[in-house]
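By convention in this document, chain letters (A, B, ...) are assigned in the order of the sequence lines, proteins followed by strands, and residues within each chain are numbered from 1.
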2 protein chains.
Amino acid sequence: MKQANTFRETKQRNAIHTILDEAKRPLSPQEMLALADVHVPGIGIATIYRNIKIMVEQGVLSSVDIPGEPSRFILPQHRKTHLFLDKESGVAMMFDLDLPGIKRRLPRGMKAQDVTLFCTGTLQAPPKKKKAKG
Amino acid sequence: MKQANTFRETKQRNAIHTILDEAKRPLSPQEMLALADVHVPGIGIATIYRNIKIMVEQGVLSSVDIPGEPSRFILPQHRKTHLFLDKESGVAMMFDLDLPGIKRRLPRGMKAQDVTLFCTGTLQAPPKKKKAKG
DNA sequence: CAAAGCATGATATTTCTTTAACAAAATTAA
DNA sequence: TTAATTTTGTTAAAGAAATATCATGCTTTG
């Protein structure tokens with residue numbers, strides 16, 4: 001019998017979702033490939049792109065554009081307003097920060113819909129979290 | 001006698017500089033082609049890219065990266081800190097705006113070298129300037 | 001104004017990111 | 001477990017931006 005078009009659960013698809021959930025930051029397709037490869041050795045770049053496309057259409061993934069860089073992707077629940085990019089490592093992070101009345105402070109004629117900070121510099125490694133009973 | 005490697009003055013090169021000087025905003029190579037073509041009909045895209053490269057090396061031009069867009073270029077004397085992009089028209093503008101102590105307000109671990117606002121929305125046409133005796 | 005050599009325009013090529021094609025493998029429903 | 005259908009990995013190919021090539025045209029210098 002012919003089935004309706006439905007999505008299947010695969011190791012690869014689960015791995016892609018897992019690494020995005022754990023990263024909590026925007027990942028490039030290449031970063032996703034490297035991280036997913038730990039869970040599913042041999043996973044191919046086409047699988048990454050294929051699932052990015054599908055997940056974005058489903059609304060499970062959201063894209064993040066960065067100046068002069070390929071797009072990154074993040075789970076919507078991890079998305080924040082502003083961006084920080086460590087240009088050495090290519091690691092991108094998002095963060096929130098209130099900029100009160102920022103839209104009203106723009107020059108005449110600039111009616112902004114979105115306003116985000118884009119910062120570049122160096123990311124210091126956060127102190128290791130102590131595990132309970134660790 | 002063999003000449004030292006020197007730069008020559010051409011219609012094309014002058015036109016490229018002129019349009020950048022008049023625009024006072026970041027232009028994409030395609031925008032530059034269209035605008036320069038008014039001054040020098042038939043100018044080719046290769047000439048645009050060639051001169052962009054040369055002028056950037058000379059420090060006469062400075063590049064401006066925009067998320068999800070090809071690079072724009074601006075004369076250094078027109079460069080400002082922040083960016084506004086009209087996504088409809090593709091027109092980019094720069095502006096200054098003080099964000100006091102912004103670097104100190106970033107989350108722990110983010111040591112920023114550069115902090116710029118990136119705004120998208122709609123650009124309203126500025127009111128026409130009246131010329132003296134106009 | 002003539003020779004030397006840089007610049008131009010048209011086009012081919014490169015580079016990088018993303019998508020397509022397809023046989024084989026994996027998943028699902030019965 | 002079987003049969004149907006989706007997914008995967010490999011590899012080719014598409015798209016877009018930027019660069020290289022090269023015959024011809026311009027600038028410059030003497």
Side-chain angles (χ1 to χ4, degrees), chain A residues 1-19 26-58 60-73 85 87 90 92, chain B residues 1-19 26-58 60-73 85 87 90 92:
Chain A
M1 171 194 303
K2 228 171 202 174
Q3 301 184 174
N5 188 312
T6 180
F7 292 102
R8 295 180 174 178
E9 194 164 84
T10 65
K11 295 189 282 284
Q12 291 85 346
R13 195 163 288 166
N14 287 336
I16 290 171
H17 192 282
T18 297
I19 59 166
L27 299 178
S28 68
Q30 288 301 330
E31 285 177 310
M32 293 169 64
L33 178 66
L35 289 173
D37 190 73
V38 175
H39 292 77
V40 188
I43 187 172
I45 187 65
T47 299
I48 301 294
Y49 276 108
R50 231 179 341 241
N51 282 290
I52 286 174
K53 201 178 177 189
I54 290 170
M55 294 168 83
V56 167
E57 284 167 0
Q58 288 179 326
V60 173
L61 248 191
S62 159
S63 72
V64 179
D65 286 339
I66 301 184
E69 296 272 324
S71 285
R72 313 296 162 99
F73 299 89
L85 176 68
K87 284 196 172 175
Chain B
M1 172 190 304
K2 228 172 204 173
Q3 300 184 174
N5 187 313
T6 181
F7 293 100
R8 294 181 173 174
E9 194 164 90
T10 64
K11 296 190 281 284
Q12 292 85 346
R13 195 161 289 168
N14 287 336
I16 290 171
H17 192 282
T18 297
I19 58 166
L27 299 179
S28 68
Q30 289 301 329
E31 285 177 311
M32 292 169 65
L33 179 66
L35 290 172
D37 191 72
V38 176
H39 292 76
V40 188
I43 187 172
I45 188 65
T47 299
I48 301 294
Y49 277 110
R50 231 183 337 246
N51 283 290
I52 286 175
K53 201 178 177 189
I54 290 169
M55 293 167 84
V56 167
E57 286 167 359
Q58 289 179 324
V60 174
L61 247 191
S62 158
S63 72
V64 179
D65 286 339
I66 301 182
E69 295 274 323
S71 285
R72 312 297 162 97
F73 299 89
L85 176 68
K87 284 198 172 175

Closest to the A/E9 side chain: C/dT18, D/dG9, C/dT28? C/dT28
Which residues pass the side-chain hydrogen bond (donor to acceptor under 3.5 Å, both in side chains) test with A/S62, sequence neighbours left out? A/R79
Using the side-chain heavy atoms of B/R50, tell me which of these nucleotides is nearest: D/dT8, C/dG9, C/dA26. C/dG9
Degree of bending, the helix from C/dC1-D/dG30 to C/dA30-D/dT1 (end axes from five pairs; round to 10°): 40°
Separation of A/F7 atom CZ from D/dT5 atom P, in whole Å? 17 Å
Winner on side-chain proximity to A/K11, out of C/dA26, D/dA18, D/dT7, is C/dA26
Tell me: CD1 of B/I43 to P of D/dC26, nearest whole Å? 14 Å
When rounded to whole Å, the CD1 to C1' distance for the pair A/I52 and D/dT7 reads 16 Å
Between C/dA26 (P) and A/R13 (CZ): distance, integer Å: 15 Å
Taking all heavy atoms of A/I45 and all of A/L33, pick out the closest pair and write down the distance. N-CD1, 3.9 Å
Looking only at non-hydrogen atoms, find the nearest pair between B/I48 and B/A36 and report the distance. CD1-CB, 4.3 Å
For A/R13, side-chain contact (heavy atoms from CB on, under 4.5 Å) partners two or more places apart: A/F7, A/T10, A/N51, A/I54
Separation of atom CD in B/E57 from atom C1' in D/dA18, rounded to whole Å: 14 Å
Which atom of A/A92 lies closest to which atom of A/P26, heavy atoms considered: O-CD, 3.5 Å
Taking only residues two or more places apart in sequence or in another chain, which ones pass side-chain contact (heavy atoms from CB on, under 4.5 Å) with A/L35? A/I19, A/L27
Heavy atom of residues 28-40 of chain B under 4.0 Å from DNA chain D: which residues? B/P29
Nearest-Å distance, CD1 (A/I54) to C1' (C/dT18)? 14 Å
Would you give the length of the straight line joining atom CG of A/L61 to atom CZ of A/F73, rounded to the nearest 0.5 angstrom? 7.5 Å
Contacts under 3.5 Å, N or O only, protein and nucleotides 11-15 of chain D:
none

With sequence neighbours excluded, tell me which residues meet side-chain contact (heavy atoms from CB on, under 4.5 Å) with B/T18. B/E22, B/H39
Taking the side chain of A/R8 as heavy atoms from C-beta outward, which of D/dT5, C/dA7, D/dA17 is closest to it? D/dT5
Partners of B/K53 by side-chain contact (heavy atoms from CB on, under 4.5 Å), sequence neighbours excluded? B/E57
In whole Å, what is the span from the CD1 atom of A/I48 to the C1' atom of D/dT10? 15 Å
Which is more 5' along DNA chain D, the nucleotide nearest B/T10 or the one nearest A/Q12? Just name the residue. A/Q12
For B/Q12, enumerate each residue passing the side-chain hydrogen bond (donor to acceptor under 3.5 Å, both in side chains) test, keeping only those at least two apart in sequence or located in another chain. none
Give, ordered by number, those residues of residues 60-68 of chain B having at least one heavy-atom distance below 4.0 Å to an atom of DNA chain C; if nothing qualifies, reply none. none
Please give, in whole Å, the distance from C/dT18 C1' to A/K53 NZ? 9 Å
So which nucleotide from C/dT8, C/dA26, C/dT18 ends up closest to the side chain of A/S71? C/dT18
